[in-house]
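What follows is a short report on a single structure.
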2 protein chains.
Amino acid sequence: MTALAFDRHNHDRCIAGALKRAETHCGARRLQFTATRRRVLEILLQEHRAMGAYDILAVLSSEGLGSQPPAAYRALDFLVREGLAHRIEGLNAYAACALPVHGPGHGPEHGQEDASDHGHVPAFLICRGCKAVAETETGLAQGRLGAAAREAGFSVERVVVEAEGLCPGCAGAGA
Amino acid sequence: MTALAFDRHNHDRCIAGALKRAETHCGARRLQFTATRRRVLEILLQEHRAMGAYDILAVLSSEGLGSQPPAAYRALDFLVREGLAHRIEGLNAYAACALPVHGPGHGPEHGQEDASDHGHVPAFLICRGCKAVAETETGLAQGRLGAAAREAGFSVERVVVEAEGLCPGCAGAGA
DNA sequence: CGGATATATGTAATGTTATAACATATCAAC
DNA sequence: GTTGATATGTTATAACATTACATATATCCG
Ligand SMILES: [Zn+2]
Ligand SMILES: [Zn+2]
Ligand SMILES: [Zn+2]
Ligand SMILES: [Zn+2]
């Protein structure tokens with residue numbers, strides 16, 4: 001599992017791939033990948049960073065795609081629901097999904113999903129220097145959290161794993 | 001590691017112990033465990049649940065301990081800084097620390113602490129039914145997150161692990 | 001096609017969470 | 001008791017998010 005955001009990579013291709021996957025995902029489920037939803041995903045994909053809903057709204061507003069908070073929140077809710085973006089709880093912000101695998105299979109779109117069934121929990125490395133967000137995955141069942149949950153008879157439906165720290169670049173720059 | 005919040009236990013003793021530890025902790029560091037700070041910790045200890053800053057403020061206000069948001073936020077900031085309480089990111093809320101070990105040694109009071117040095121990352125099981133919050137611990141280094149961070153050259157300073165789901169009681173009640 | 005149903009968007013208002021800035025008070029050390 | 005650090009009071013505002021209801025657009029089916 002490589003943390004894409006901190007590596008040099010062909011980001012244009014990265015963006016194009018994510019958009020293509022989103023189209024495919026929506027097409028397969030008869031979901032409307034509307035102009036606003038698509039544009040919000042594009043905005044999030046622009047950089048590997050989390051953006052606040054109001055930052056996104058500002059862009060939408062400047063482009064005539066909506067001027068009130070619900071325009072942004074509705075699109076974000078859709079993207080998060082479909083696994084095409086993630087909410088970063090520690091920042092009250094949103095980031096595009098950077099892992100091909102999440103889109104068509106690991107969002108909450110399955111309804112009453114139990115996260116302990118499989119180990120695919122998205123996890124984030126958040127740089128406090130440059131605000132970059134790298135996405136990776138973490139196991140749940142194998143770790144101590146899963147053990148504690150089983151022991152307590154607690155059924156896990158959703159897991160948030162976020163690590164804040166410094167990326168290689170910012171650590172080198174002496175933060 | 002038992003998830004205290006979901007077990008029957010002597011909660012009065014649980015509260016008294018936490019307060020005692022807080023006193024000791026503050027005494028040892030010449031920190032002022034003021035009336036407001038103590039009261040906020042007591043409020044959080046009342047139940048094993050997370051409370052919003054404004055819920056706490058309402059209590060403080062009714063008791064003449066402050067009526068404006070900073071009264072609550074300052075006390076909460078202190079408690080979190082000292083490891084006596086935790087912020088639950090997924091709820092924008094706060095819960096008293098339920099683990100003796102966290103108080104005097106695992107908060108951010110060490111300054112530039114690197115969470116990967118030791119494996120003591122607090123983790124929370126949050127019931128969406130009754131809103132109870134059980135605290136446990138999870139390893140960082142042994143899991144895939146630690147591996148991904150090392151591979152990326154990312155230095156982890158803080159980790160948020162929160163699992164949302166249903167506690168045994170609420171699952172039984174057919175939620 | 002045309003009407004019915006579901007989905008998406010527009011718009012206004014409001015609710016919730018959190019911080020900035022500056023004055024005053026209290027504490028702790030010398 | 002003066003001094004410097006810490007804590008609190010107070011006002012205002014910033015940042016994040018939702019409710020409610022009206023309107024528009026898409027999708028389905030006969
Ligand atoms: Zn990229
Ligand atoms: Zn960085
Ligand atoms: Zn207890
Ligand atoms: Zn419960």
Side-chain angles (χ1 to χ4, degrees), chain A residues 22-23 25-41 43-44 49-82 84-95 109 131 160 162, chain B residues 22-23 25-41 43-44 50-82 84-95 109 131 160:
Chain A
E23 278 166 15
H25 174 85
C26 294
R29 290 152 208 258
R30 306 277 144 68
L31 298 170
Q32 304 179 47
F33 195 42
T34 62
T36 302
R37 290 168 176 181
R38 183 193 182 89
R39 186 68 189 116
V40 169
L41 182 57
I43 292 164
L44 289 177
R49 288 214 268 123
M51 295 182 71
Y54 280 73
D55 296 333
I56 286 162
L57 180 58
V59 178
L60 293 180
S61 184
S62 78
E63 296 175 354
L65 284 170
S67 60
Q68 301 312 122
Y73 282 104
R74 283 164 176 161
L76 287 167
D77 287 351
F78 172 84
L79 295 172
V80 169
R81 187 176 345 123
E82 297 305 323
L84 301 169
H86 300 288
R87 177 176 164 82
I88 309 297
E89 296 292 347
L91 300 174
N92 290 339
Y94 304 82
E109 71 271 16
K131 307 297 177 193
V160 173
E162 300 175 3
Chain B
E23 279 167 13
H25 174 84
C26 294
R29 290 154 210 257
R30 306 277 143 68
L31 297 170
Q32 305 178 46
F33 194 42
T34 63
T36 303
R37 289 167 177 181
R38 182 191 181 89
R39 186 68 188 115
V40 169
L41 182 57
I43 293 164
L44 289 177
M51 296 182 70
Y54 281 75
D55 297 332
I56 287 162
L57 179 59
V59 179
L60 293 180
S61 184
S62 77
E63 298 175 353
L65 284 170
S67 60
Q68 300 313 120
Y73 281 105
R74 283 164 176 162
L76 288 167
D77 286 350
F78 172 84
L79 296 172
V80 169
R81 190 164 59 236
E82 297 304 323
L84 301 168
H86 300 288
R87 176 174 164 82
I88 309 297
E89 296 291 346
L91 300 174
N92 289 340
Y94 304 83
E109 72 272 17
K131 307 296 179 195
V160 173

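Protein chains get the first letters and strands the later ones, always in sequence-line order, with residue 1 at the start of each. Hydrogens, waters and symmetry mates play no part in the numbers below; they use all other heavy atoms, side chains included.
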query: From C:dT17, D:dC16, D:dT11, pick the nucleotide closest to the side chain of A:Y54?
result: D:dC16
field: Euclidean distance, atom CG of residue B:L57 to atom P of D:dT10 [Å, nearest integer]
entry: 13 Å
field: Whole-Å distance separating the CD1 atom of A:I88 from the P atom of D:dA17
entry: 12 Å
task: Choose from D:dA17, D:dT10, D:dC28 the nucleotide whose nearest atom is closest to any side-chain atom of B:P70.
output: D:dT10
- prompt: Just how far, in rounded Å, is P of C:dA8 from CG of A:L65?
  reply: 16 Å
- prompt: Quick one: are B:N92 and A:N92 in side-chain contact, heavy atoms under 4.5 Å?
  reply: yes
message: Using the rule side-chain hydrogen bond (donor to acceptor under 3.5 Å, both in side chains), only one of B:R37, B:H25, B:R29 pairs with B:E82; which is it?
response: B:H25
query: B:L91 has an atom CG; how far is it from atom P of D:dA17, in whole Å?
result: 13 Å
- line: B:Y73 atom OH is separated from D:dT11 atom C1', nearest whole Å, by 17 Å
query: So does B:Y94 get a side-chain nitrogen or oxygen closer than 4.0 Å to the phosphate oxygens (OP1/OP2) of C:dA18?
result: yes
- request: Looking only at non-hydrogen atoms, find the nearest pair between A:L57 and A:A72 and report the distance.
  value: CB-CB, 4.0 Å
- prompt: Between D:dT11, C:dT9, D:dA7, which one does the side chain of B:R37 approach most closely?
  reply: D:dA7
field: Between P of C:dA8 and CZ of A:R29, the distance in whole Å
entry: 14 Å
- prompt: Does the side chain of B:V40 reach to within under 4.5 Å of the side chain of B:Y94, using non-hydrogen atoms?
  reply: no
- prompt: With respect to the side chain of A:R74, which nucleotide from D:dT18, C:dA18, D:dA20 is positioned closest?
  reply: D:dA20
- prompt: Looking at D:dT11, C:dT9, D:dA7, which one has an atom nearest to any side-chain atom of B:T34?
  reply: D:dA7
task: Take the protein atom CD of A:Q68 and the nucleotide atom C1' of D:dT19, then report the distance between them rounded to whole Å.
output: 14 Å
query: Would you say a side-chain N or O of B:R87 is under 4.0 Å from OP1 or OP2 of C:dA18?
result: yes
field: 5' precedence on DNA chain C between B:R30 and B:G52 (nearest-nucleotide basis)
entry: B:G52
Most 5' of A:A71 and A:N92 on DNA chain C, judged by nearest nucleotide: A:A71
- request: Would you mind telling me which of C:dA28, C:dT11, C:dA18 lies closest to the side-chain atoms of B:Q32?
  value: C:dA28
message: Please report the distance, rounded to the nearest Å, between CZ in A:R81 and C1' in C:dT7.
response: 10 Å
message: Ignoring hydrogens, what is the shortest heavy-atom contact between A:A50 and A:I88? Give both atom names and the distance.
response: CB-CG1, 4.1 Å
query: Which nucleotide sits closest to the side chain of B:P69: C:dA29, D:dA17, C:dA18?
result: C:dA18
